[in-house]
Amino acid sequence: MIAPSDRTSLPREFFDRPVLEVAPDLLGRVLIRTTPDGPIALRLTEVEAYDGPNDPGSHAYRGRTTRNGVMFGPPGHVYVYFTYGMWHCMNLVCGPEGEASGVLLRAGEIVEGAELARLRRVSARNDKELAKGPARLATALGVDRALDGADACAADDTEIRIVSGTPVPADQVRNGPRTGVAGEGGDGDAHPWRYWVADDPTVSPYRAHVPRRRRS
DNA sequence: AGCTGGATTTGCT
DNA sequence: GCAAATCCAGCTC
């Protein structure tokens with residue numbers, strides 16, 4: 001359960017900061033997804049920063065498109081994209097309006113409504129896997145393009161909202177290179193894009209990017 | 001525990 | 001056309 005005092009919404013100013021400041025500060029925060037069947041709450045344990053138009057790994061790198069328009073809007077809103085013909089992934093827009101930075105929500109612990117999450121994540125072998133990975137997280141919460149652009153800083157429980165939770169102390173935050181992103185190639189990565197909670201069992205395993213082989 | 005191929009839409013070259 | 005901010009089943013070690 002989430003303590004009532006930890007249920008206050010994060011203010012929009014929280015997201016109106018440099019993305020590398022916001023990303024580690026998101027760990028331990030709680031996303032509340034309201035569905036027709038009831039609420040699902042998720043405590044964030046792993047996130048990944050995308051630094052606007054200067055970042056070759058970002059969807060915003062080549063400018064605005066139909067897909068990524070929300071990234072160029074105000075902070076605190078949700079950017080949802082569809083990929084690999086099958087999956088949705090979810091970001092929170094950061095920085096001032098127009099900068100197009102965002103934080104990809106990579107993994108978390110379901111702290112409320114696990115029974116609802118299990119209905120959508122039938123292949124999960126245990127509850128730690130319900131939201132272990134960005135597409136699994138979106139699936140567990142029932143998030144798709146319909147939520148693209150939703151305001152996560154709303155005062156009351158709307159379709160999706162992020163609340164204070166219990167921030168993770170700095171000495172329990174770990175960081176490292178991105179996983180699964182083209183151009184991030186294994187070593188020489190100067191920026192600590194990815195942040196996670198030390199020793200948390202819901203954090204997704206590191207995978208280096210693997211270029212796909214051509215079809216026959 | 002670790003690797004491989006397949007699923008399948010969207011955006012960019 | 002091809003690669004993608006991925007996941008899963010099925011296989012081998």
Side-chain angles (χ1 to χ4, degrees), chain A residues 15 19-20 22-24 26-27 31 42 44-72 77-95 99-108 110 117-149 152 175-186 188-196 201-216:
Chain A
F15 296 97
V19 68
L20 289 183
V22 177
L26 278 171
L27 299 176
L31 211 53
L42 174 110
L44 291 171
T45 59
E46 183 189 354
V47 299
E48 198 162 270
Y50 287 85
D51 191 12
N54 306 315
D55 182 353
S58 171
H59 286 171
Y61 184 55
R62 290 172 188 82
R64 189 173 188 143
T65 66
T66 337
R67 174 172 71 163
N68 69 14
V70 170
M71 287 191 87
F72 291 81
H77 287 245
V78 170
Y79 164 50
V80 181
Y81 68 91
F82 183 63
T83 191
Y84 290 100
M86 256 187 268
W87 307 109
H88 294 276
C89 294
M90 177 180 179
N91 297 251
L92 289 167
V93 177
C94 294
E99 184 184 291
S101 290
V103 175
L104 172 69
L105 309 184
R106 289 199 54 90
I110 305 282
R118 283 185 210 114
L119 296 176
R120 298 191 175 86
R121 291 275 302 117
V122 181
S123 66
R125 287 166 302 196
N126 57 64
D127 283 5
K128 295 179 194 58
E129 289 186 352
L130 286 174
K132 181 185 278 198
R136 289 168 168 181
L137 185 154
T139 303
L141 297 183
V143 166
D144 61 21
R145 285 283 285 171
L147 257 80
D148 188 47
N175 67 72
R178 285 183 185 139
T179 165
V181 182
E184 297 294 322
D189 190 39
H191 292 275
W193 299 115
R194 183 173 162 250
Y195 297 86
W196 66 93
T202 64
V203 170
S204 67
Y206 174 78
R207 284 192 247 284
H209 176 72
V210 187
R212 300 203 313 169
R213 288 188 351 191
R214 262 184 304 150
R215 280 188 42 190
S216 61

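Remember, predicted model here, so these are calculated numbers, not experimental data. Below, read A as the first sequence line, B as the second, and so on, with proteins coming before strands; counting in each chain starts at 1.
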*To the nearest angstrom, how far is A:E129 atom CD from C:dC8 atom P?*
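So the CD-P distance, A:E129 to C:dC8, works out to 8 Å.
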*Taking C-beta and beyond as the side chain, do A:L104 and A:C89 meet within less than 4.5 Å on heavy atoms?*
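Counting from C-beta outward, A:L104 and A:C89 do come under 4.5 Å.
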*Side-chain contact test, heavy atoms from C-beta onward, threshold under 4.5 Å: evaluate it for A:V93 versus A:V70 and give yes or no.*
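Sidechains of A:V70 and A:V93: in contact.
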With sequence neighbours excluded, tell me which residues meet side chain to side chain contact (heavy atoms under 4.5 Å, CB included) with [X].
{"X": "A:A23", "answer": "A:V47, A:A49, A:V103, A:Y195"}
{"X": "A:R125", "answer": "A:E129"}
{"X": "A:T139", "answer": "A:W87, A:R120, A:R121"}
{"X": "A:A152", "answer": "A:V78, A:L92, A:I162"}

*When you check the phosphate oxygens OP1 and OP2 of C:dT6, does a side-chain N or O of A:R106 lie under 4.0 Å from one of them?*
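Affirmative; the distance criterion is met.
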*Using a cut-off of less than 4.0 Å, is there contact between a side-chain N or O of A:S123 and OP1 or OP2 of C:dC8?*
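For A:S123, the contact criterion (side-chain N or O under 4.0 Å from OP1 or OP2 of C:dC8) is met.
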*Who passes side chain to side chain donor-acceptor pair (under 3.5 Å) against A:E46, sequence neighbours left out?*
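Side chain to side chain donor-acceptor pair (under 3.5 Å) list for A:E46, sorted by chain: A:R106, A:R194, A:S204.
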*Enumerate the residues from residues 131-140 of chain A whose closest heavy atom to DNA chain C is under 4.0 Å, giving them by residue number; use none for an empty result.*
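Residues of residues 131-140 of chain A under 4.0 Å from DNA chain C: A:G133, A:P134, A:A135, A:R136.
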*Determine, answering yes or no, if A:Y50 is stacked on C:dA5 under the 5.5 Å centre rule and the 30° plane rule.*
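Per 5.5 Å and 30° rule: yes, stacked.
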_Identify the stems formed by DNA chain B, where each pair is Watson-Crick or G-U wobble with both distances under 3.5 angstrom and a stem is at least 3 consecutive pairs._
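The stems that DNA chain B takes part in, listed by first number, are B:1-7 with C:6-12, B:9-12 with C:1-4.
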*Sequence neighbours left out, what pairs pass salt bridge (Lys or Arg N to Asp or Glu O under 4.0 Å) with at least one residue falling in residues 134-148 of chain A?*
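Every salt bridge (Lys or Arg N to Asp or Glu O under 4.0 Å) pair that includes a residue of residues 134-148 of chain A, provided the two are not neighbours, is A:R145-A:D148.
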_For A:F82, all residues meeting ring pair (Phe, Tyr, Trp, His ring centres under 6.0 Å), sequence neighbours excluded_ =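 Once residues adjacent in sequence are excluded, the partners of A:F82 under the ring pair (Phe, Tyr, Trp, His ring centres under 6.0 Å) criterion are A:H88.
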Please write out the pairs of protein N or O atoms and N or O atoms of nucleotides 10-13 of chain C separated by less than 3.5 Å, giving the distance to one decimal.
none

_Please list, in numerical order, the residues of residues 54-72 of chain A that have a heavy atom closer than 4.0 Å to any atom of DNA chain B._
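A:R62, A:T65, A:R67, in order of number.
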*For A:R62, enumerate each residue passing the salt bridge (Lys or Arg N to Asp or Glu O under 4.0 Å) test, keeping only those at least two apart in sequence or located in another chain.*
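Residues passing salt bridge (Lys or Arg N to Asp or Glu O under 4.0 Å) with A:R62: none at all.
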*Looking at the side chain of A:W87, which of C:dA5, C:dC7, B:dT9 is the nearest nucleotide?*
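In terms of side-chain proximity for A:W87, the closest of C:dA5, C:dC7, B:dT9 is C:dC7.
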*Nearest 0.5 Å, what's the CG-CG distance between A:L130 and A:L42?*
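One gets 9.5 Å once the value is rounded to the nearest 0.5 Å.
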